[in-house]
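Structure first, then comments.
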Amino acid sequence: QVQLVESGGALAQPGGSLRLSCAASGSISSISAMAWYRQGPGIQRKLVALSTSDSRISYADSVKGRFTISRDSAKNMVYLQMDSLKPEDTAVYLCYAQIKATPSSAWVSVWGKGTLVTVSS
């Protein structure tokens with residue numbers, strides 16, 4: 001059983017910074033992509049940042065220039081550095097990964113349970 005566990009969500013003031021972490025654990029043979037999504041009450045889940053195994057990086061327009069996604073492949077972890085936070089960044093942030101778990105040859109989508117980020121003065 002492969003799991004993703006997020007951490008780092010907290011209360012921050014506008015203009016502040018937070019760093020989110022996501023750790024994948026289990027019998028993992030490979031990870032093709034890891035990403036961060038966010039959603040709020042009554043708000044559709046949206047992709048925030050994506051990192052692929054072939055080194056492609058993408059961001060939602062709303063966070064470009066403020067957020068940075070990075071991966072530590074050796075540790076099966078992904079991070080989201082969040083700078084210049086705005087109140088509209090308030091959401092539950094969820095980690096996502098495409099993982100191949102031994103001995104399976106199929107890729108599966110795995111979601112974390114989320115970590116809450118609140119940006120308020």
Side-chain angles (χ1 to χ4, degrees):
Q1 187 78 9
V2 177
Q3 292 185 324
L4 302 178
V5 179
E6 305 98 332
S7 62
L11 173 65
Q13 295 188 9
S17 297
L18 290 172
R19 181 176 171 84
L20 306 183
S21 299
C22 173
S25 62
S27 300
I28 300 170
S29 62
S30 61
I31 300 177
S32 66
M34 300 190 78
W36 289 95
Y37 287 73
R38 68 185 183 188
Q39 66 183 58
I43 302 175
Q44 183 179 355
R45 183 178 299 178
K46 298 290 186 180
L47 177 66
V48 176
L50 171 68
S51 175
T52 67
S53 60
D54 58 353
S55 302
R56 290 189 295 113
I57 304 293
S58 61
Y59 298 95
D61 289 341
S62 59
V63 307
K64 287 181 179 177
R66 301 188 299 116
F67 291 8
T68 303
I69 188 171
S70 60
R71 288 177 63 183
D72 186 337
S73 297
K75 296 181 179 180
N76 292 327
M77 296 190 69
V78 65
Y79 308 91
L80 186 67
Q81 179 67 41
M82 310 165 65
D83 298 319
S84 301
L85 284 165
K86 302 176 180 179
E88 51 262 44
D89 295 322
T90 296
V92 173
Y93 285 72
L94 302 100
C95 183
Y96 166 87
Q98 289 183 321
I99 296 175
K100 186 176 293 184
T102 57
S104 175
S105 61
W107 293 101
V108 298
S109 296
V110 185
W111 291 89
K113 294 183 178 180
T115 184
L116 177 63
V117 171
T118 302
V119 184
S120 176
S121 60

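Here, residue 1 is the first one in the sequence, and each next residue gets the next number.
- Nearest heavy-atom pair across Ala101 and Ser29 is N-OG, 4.2 Å.
- Contact between Ser51 and Arg71 at its shortest, heavy atoms only, is OG-CD, 2.9 Å.
- With rounding to the nearest 0.5 angstrom, the OG atom of Ser7 is 9.0 Å from the OH atom of Tyr79.
- For residues 18-100, the pairs satisfying disulfide (SG to SG under 2.5 Å) are Cys22-Cys95, with sequence neighbours left out.
- The minimum heavy-atom distance between Pro14 and Ser121, with the atom names listed, is CD-N, 3.7 Å.
- The disulfide (SG to SG under 2.5 Å) contacts involving residues 55-93 comprise nothing, where partners must be two or more places apart or lie in separate chains.
- The pair Asp61-Lys64 counts as a salt bridge, with a side-chain nitrogen and a carboxylate oxygen less than 4.0 angstrom apart.
- Annotation: Glu88, atom CD; neighbour count of heavy atoms from other residues, nucleotides and ligands within 6.0 Å is above 12.
- Rounding to the nearest 0.5 Å places CD of Glu6 at 11.5 Å from CG of Leu116.
- The disulfide (SG to SG under 2.5 Å) analysis of residues 38-74, with sequence neighbours excluded, yields no pairs.
- Taking Trp111 as the reference, Tyr37, Tyr96 meet the ring pair (Phe, Tyr, Trp, His ring centres under 6.0 Å) condition, with sequence neighbours excluded.
- In summary, the side chains of Gln98 and Ser32 do present a donor paired with an acceptor at a separation below 3.5 Å, with no hydrogens or angles considered.
- A distance of 9.0 Å separates CZ in Arg38 from CD1 in Ile43, rounded to the nearest 0.5 Å.
- In this view, Gln39 and Arg45, Leu94 satisfy the side chain to side chain contact (heavy atoms under 4.5 Å, CB included) rule, not counting sequence neighbours.
- Members clustered with Leu80: Val2, Leu4, Leu18, Leu20, Ile28, Ile31, Met34, Trp36, Val48, Ile57, Tyr59, Val63, Phe67, Ile69, Val78, Met82, Leu85, Tyr93, Ile99, Val108, Val110, Val117, Val119, by chain and number, using a 4.5 Å side-chain heavy-atom cutoff among hydrophobic residues.
- For the pair Lys75/Ser21, no side-chain contact is recorded, criterion being any heavy-atom separation below 4.5 Å from C-beta on.
- If you chain together hydrophobic residues whose side chains sit under 4.5 Å apart, Leu50 and Met77 never meet in one group.
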